[in-house]
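Presented below is the structure to which this report refers.
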2 protein chains.
Amino acid sequence: MNIGEASSASGVSAKMIRYYEEIGLIRPMGRSGNNYRVYGEEEVHILRFIKRARNLGFSLEETETLLKLWQDKSRESSAVKEIATAHIGDLERRIAEMQGMVKTLKHLAHCCGGDNRPNCPILDDLAGDGEMGDRAVGKKIHA
Amino acid sequence: MNIGEASSASGVSAKMIRYYEEIGLIRPMGRSGNNYRVYGEEEVHILRFIKRARNLGFSLEETETLLKLWQDKSRESSAVKEIATAHIGDLERRIAEMQGMVKTLKHLAHCCGGDNRPNCPILDDLAGDGEMGDRAVGKKIHA
DNA sequence: TGTGGAGCTTCCCATCATGGGAAGGTCAAG
DNA sequence: CTTGACCTTCCCATGATGGGAAGCTCCACA
């Protein structure tokens, strides 16, 4: 199997497959005589594992850890659960932050006429007319 | 006012102030004899505007538009409201996506013993044992 | 046998917003 | 006059991904 086939079989772009190899997330593939990378079912399975972990929002670093645990037949499931739980916390924090932003924005949008007149509470708020900053929802966006 | 003072007055790091100038988000500052950038209240006000927009999750590009609208005394508030509303939609989409991830992960974590045995439904799921991928929550993480 | 196009290779660059740090000039306090 | 805090510019890194160029290989078809 060439990289293109592995790509469509796994849903990971060829670009990304090479990148994952480069950063050591997956082992360097064997090459055929023409210097093309050669993949088997095993590799495709791994790529699908990675894809799914990414879909669940795990970083490549977390994915690497999960991958190692997956391949470690004697792992303790608590190790995996810890990573998942931490990740859930992470997601929930970011969700809460964004919900705060939405709440503020909805309020402002609600107060804004949205017509052809210049008066706009959204801009007034951004400008901090009622005295300055950090009344904002969350301080850091990438918390 | 030097850049350090402007930074602590606005909450925007000196690094970022220079960057904003470089990309044209703010006008190049006047320089004093020693080649130091010089800021006044006006500039600090603008920096705070930017800071607050960023806190609300607007991109720098959106922030630039908002900034121009702010300075355009004859703007129509509908233009601002449109941006805000679009941004709300954006945030809500991302929130929904993450909530889906959380839901899936919570279910998996709930089913995982989290003990010293290797058996782990989380990994089983990532491996796609019940037939392959895209049962995942959202296809793309950065939708 | 020749040719065209699809697919592979590597290498470099861009994104987005931010931070780190080096090398060197400047200023104020001791 | 030294020391340290501040400023300047310049380059590099992050995380995950895509775009594209230049050059090779392979296969199918005329």
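Protein chains get the first letters and strands the later ones, always in sequence-line order, with residue 1 at the start of each.
A:Leu66 and B:Leu123 make their closest contact through O-CD2, 3.7 Å (heavy atoms, listed as atom of the first residue, atom of the second, distance).
Under 4.0 Å is where a charged nitrogen must lie from a carboxylate oxygen, and between A:Glu97 and A:Arg93 no such pair does. Using a cut-off of 4.0 Å between Lys/Arg side-chain N and Asp/Glu carboxylate O, A:Glu43 and A:Arg48 are scored as not salt-bridged.
Taking the side chain of B:Asn35 as heavy atoms from C-beta on, and the options D:dT17, C:dG19, D:dT8, the nearest nucleotide is D:dT8. Minimum atom distance to the side chain of B:Ile3 is reached by D:dT8, of the listed C:dA17, D:dT8, C:dC8.
In this structure, CG of A:Leu25 is placed 13 Å from P of D:dG15, rounded to the nearest angstrom. Regarding B:Ile23, its CD1 atom lies at a distance of 10 Å from the C1' atom of C:dC16, rounded to whole Å. Taking atom NZ of residue A:Lys51 and atom C1' of nucleotide D:dA16, one finds them 13 Å apart after rounding to whole Å. The distance from atom CD of A:Glu62 to atom C1' of D:dG15 is 12 Å, rounded to the nearest whole Å. For the pair B:Arg94 CZ and C:dC16 C1', the interatomic distance rounds to 12 Å; values are reported in whole Å. Across the protein-nucleic acid pair, B:Glu22 atom CD and C:dT18 atom P stand 14 Å apart, rounded to whole Å. Between the C1' atom of D:dA13 and the CG atom of A:Leu60 lies a distance of 16 Å, rounded to the nearest Å. If you measure from atom CE of A:Met16 to atom P of D:dG19, you get 10 Å, rounded to the nearest angstrom.
The side chain to side chain donor-acceptor pair (under 3.5 Å) pairs that include a residue from residues 2-23 of chain A are A:Glu21-A:Arg37, where partners are two or more places apart or lie in different chains.
Using a 4.0 Å cut-off, some side-chain N or O of A:Ser13 falls inside it from OP1 or OP2 of D:dG18. Side-chain nitrogen and oxygen atoms of B:Arg37 include none within less than 4.0 Å of the OP1 or OP2 phosphate oxygen of C:dT26. For B:Tyr20, a side-chain nitrogen or oxygen approaches OP1 or OP2 of C:dT18 to under 4.0 Å. Within the 4.0 Å cut-off from OP1 or OP2 of D:dT9, at least one side-chain nitrogen or oxygen of B:Arg31 is found. A sub-4.0 Å separation between OP1 or OP2 of D:dC26 and a side-chain N or O of A:Asn34 is present.
In this model, a side-chain donor or acceptor of B:Tyr36 finds a partner on the base of C:dG25 within 3.5 Å.
Projected onto DNA chain D by closest heavy-atom contact, B:Glu5 and B:Lys15 fall at different nucleotides, the more 5' of which corresponds to B:Glu5.
Shown here are the salt bridge (charged side-chain N to carboxylate O under 4.0 Å, His left out) partners of B:Asp115, two or more places apart in sequence or in another chain: B:Arg117.
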